There are 2 protein chains.
Amino acid sequence: MEKKKSNNRSFKKATKRYREKEVNIIEGALKVFGEKGFEETTLSAMSQAANISEATFYEYFSSKEEVLFSISKLYTQRELDRMMTIAPYVHGARERMRLIIQAYLEFYENNRLYTAVALLTLKGSRNFLKSEAYQVVREAARTVADVYKEGVHEGVFRDDLDPYLVRNMVLGFIEHLTTQWLLVGRPESIARQRDTIFDMVMRAVEKKPDTNPVELNIQVRGLPVRTDPSESNDNPNNSG
Amino acid sequence: MEKKKSNNRSFKKATKRYREKEVNIIEGALKVFGEKGFEETTLSAMSQAANISEATFYEYFSSKEEVLFSISKLYTQRELDRMMTIAPYVHGARERMRLIIQAYLEFYENNRLYTAVALLTLKGSRNFLKSEAYQVVREAARTVADVYKEGVHEGVFRDDLDPYLVRNMVLGFIEHLTTQWLLVGRPESIARQRDTIFDMVMRAVEKKPDTNPVELNIQVRGLPVRTDPSESNDNPNNSG
DNA sequence: GGCAAATTTGAAAATCGCTCAATTTAGATG
DNA sequence: CATCTAAATTGAGCGATTTTCAAATTTGCC
């Protein structure tokens with residue numbers, strides 16, 4: 001019942017062969033988890049998928065759950081890196097928020113198998129919070145709050161919201177939609193909801209905008225009306 | 001592995017004593033589930049919590065999972081009924097939406113144990129979709145989409161959103177926040193976030209109000225500038 | 001080839017959900 | 001109170017699965 005503190009492979013060398021087999025297990029497990037679900041997956045099936053005996057499995061991972069965490073860490077880290085590579089090329093908090101929403105949706109849609117495991121099983125696992133994988137997931141989630149803060153600095157987002165709450169809205173929205181997509185098959189594509197979701201999020205988060213349907217380039221009561229808000233770019237990042 | 005179709009207690013009388021013990025089991029199970037999680041909960045622990053033997057358990061429920069579903073059905077139905085009682089006294093889609101948000105938040109906060117079971121375990125159960133309990137949960141969730149449609153009719157909500165998407169936003173927001181509250185203990189109280197959540201949802205869903213910082217009533221480039229956009233009410237919903 | 005370390009595994013222990021035959025209890029009847 | 005019946009309960013154990021471990025095999029190196 002009690003979990004091992006440290007993995008029993010700690011005394012072994014992380015040789016190339018070893019690491020390859022480790023990947024074998026993870027990929028095999030991912031496949032079986034996605035098909036059967038975590039609970040229905042047996043050690044036997046997992047071991048077969050990796051072409052090893054059940055006993056060998058325990059040389060690589062200390063439990064079924066640990067594989068699950070490894071999968072999560074692998075996928076999330078990869079996607080987070082990808083997003084961090086793109087982010088600098090995307091200008092302004094508004095567009096960064098669009099990037100995040102799009103990235104999450106496309107990632108989920110393109111990795112249905114992993115997503116099923118992540119949203120249906122991982123979220124309910126109590127030990128997950130203590131895993132390294134969770135730290136990576138947290139880091140990814142933090143980007144939402146960070147971008148919101150950026151937007152407040154830039155003056156495009158309202159400043160009276162808890163960034164934490166914004167994060168909950170964006171990710172909750174996306175994850176709930178994705179869960180429905182997984183379980184009920186509705187909507188057919190989540191990525192295609194991108195623009196609507198972005199629109200809804202923006203309305204909740206943006207400063208109450210001038211919603212004039214025509215372009216203005218005039219002065220009213222002596223105040224200049226900006227049509228192109230891409231100038232306020234001087235504030236440093238708030239990294240907290 | 002395969003589930004029984006019908007419960008094996010069907011031939012028994014539903015005596016008072018019997019129903020009392022049934023409640024004992026459910027309440028005991030809820031406690032253990034809430035503490036340990038579904039997976040870590042053993043039949044033995046559950047039976048002890050109800051002061052019966054493991055064998056007796058199966059005279060009342062056909063599986064561990066069935067108790068889980070029973071718990072959900074019981075709680076959700078009770079809360080749904082409560083909400084349906086209040087709803088008629090609340091006027092207008094806007095206020096009804098506030099009611100729903102408040103009801104969900106307060107229910108979750110006041111039923112921490114059940115909420116832990118529902119959000120952490122039930123959501124990940126594949127069989128849940130086939131259970132009666134799920135139908136009740138769906139019914140409760142539908143109220144959000146219904147209220148949105150009401151709001152469109154009343155002309156207070158924008159008419160270009162899929163009600164289904166609105167539902168996903170509202171419930172996703174709330175559930176994600178609640179999950180964080182359960183697992184990380186942040187925020188301290190979810191019910192107290194009520195007004196902010198309502199405000200964010202409203203901004204996403206309401207018809208765009210005139211938020212011009214200055215009143216405009218002029219023509220630019222020959223096009224009339226509308227200050228009051230509450231006329232375009234004729235296009236049908238896009239339900240995709 | 002020979003050796004040590006790394007890797008693998010068969011077999012069995014331990015746990016758990018669940019079943020079933022057998023026993024105990026509750027309640028009615030005379 | 002004795003008897004009977006149906007309801008309620010349970011100990012014992014089955015089958016499936018996770019996990020452990022000592023022994024066997026493979027690999028890398030001299």
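Since this is a predicted model, take the numbers as computed values, not measurements.
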Distance check needed: [N] [atom2] versus [X] [atom1], whole Å only.
{"X": "B/R19", "N": "D/dA8", "atom1": "CZ", "atom2": "C1'", "value": "16 Å"}
{"X": "B/E20", "N": "C/dA26", "atom1": "CD", "atom2": "C1'", "value": "15 Å"}
{"X": "B/E22", "N": "D/dA8", "atom1": "CD", "atom2": "P", "value": "11 Å"}
{"X": "A/F38", "N": "D/dT17", "atom1": "CZ", "atom2": "P", "value": "15 Å"}
{"X": "A/L43", "N": "C/dT15", "atom1": "CG", "atom2": "P", "value": "16 Å"}
{"X": "A/E59", "N": "D/dA24", "atom1": "CD", "atom2": "P", "value": "17 Å"}
{"X": "A/E39", "N": "C/dC16", "atom1": "CD", "atom2": "P", "value": "13 Å"}
{"X": "B/M46", "N": "C/dC18", "atom1": "CE", "atom2": "C1'", "value": "12 Å"}

Does [N] have OP1 or OP2 under 4.0 Å away from a side-chain N or O of [X]?
{"X": "B/K21", "N": "D/dA8", "value": "no"}
{"X": "B/Y58", "N": "C/dT19", "value": "no"}
{"X": "A/Y60", "N": "C/dT8", "value": "yes"}
{"X": "A/R17", "N": "C/dT8", "value": "yes"}

B/Y114 vs B/F107, ring pair (Phe, Tyr, Trp, His ring centres under 6.0 Å): CA-CA, chis, key distance, verdict:
CA-CA 10 Å; B/Y114 166 74; B/F107 174 71; 5.8 Å; yes
For residues [X] and [Y], is any side-chain donor paired with an opposing acceptor at under 3.5 Å?
{"X": "B/E106", "Y": "B/Q102", "value": "yes"}
{"X": "B/E20", "Y": "B/N24", "value": "no"}
{"X": "B/S44", "Y": "B/S47", "value": "no"}

Under the salt bridge (Lys or Arg N to Asp or Glu O under 4.0 Å) rule, what pairs show up with a residue in residues 107-125 of chain A, not counting sequence neighbours?
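Those involving residues 107-125 of chain A are A/K123-A/E175.
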Evaluate salt bridge (Lys or Arg N to Asp or Glu O under 4.0 Å) for B/R98 paired with B/E95, printing each intermediate quantity in order.
CA-CA 5 Å; B/R98 193 202 301 275; B/E95 291 312 306; 2.9 Å; yes
Residue-level proximity of residues 49-56 of chain B to DNA chain D when a heavy atom falls under 4.0 Å:
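Within residues 49-56 of chain B, the residues near DNA chain D are B/I52, B/S53, B/A55, B/T56.
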Flag the pair A/F128 / A/F69 as yes when their ring centroid distance falls below 6.0 Å, and as no otherwise.
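Between A/F69 and A/F128, which both carry aromatic rings, the centre distance is below 6.0 Å.
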If you look at every strand shown and take non-hydrogen atoms under 4.0 Å, does B/T41 touch a base, only sugar-phosphate, or nothing?
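The answer is sugar-phosphate, as B/T41 gets under 4.0 Å only of primed atoms, P, OP1 or OP2.
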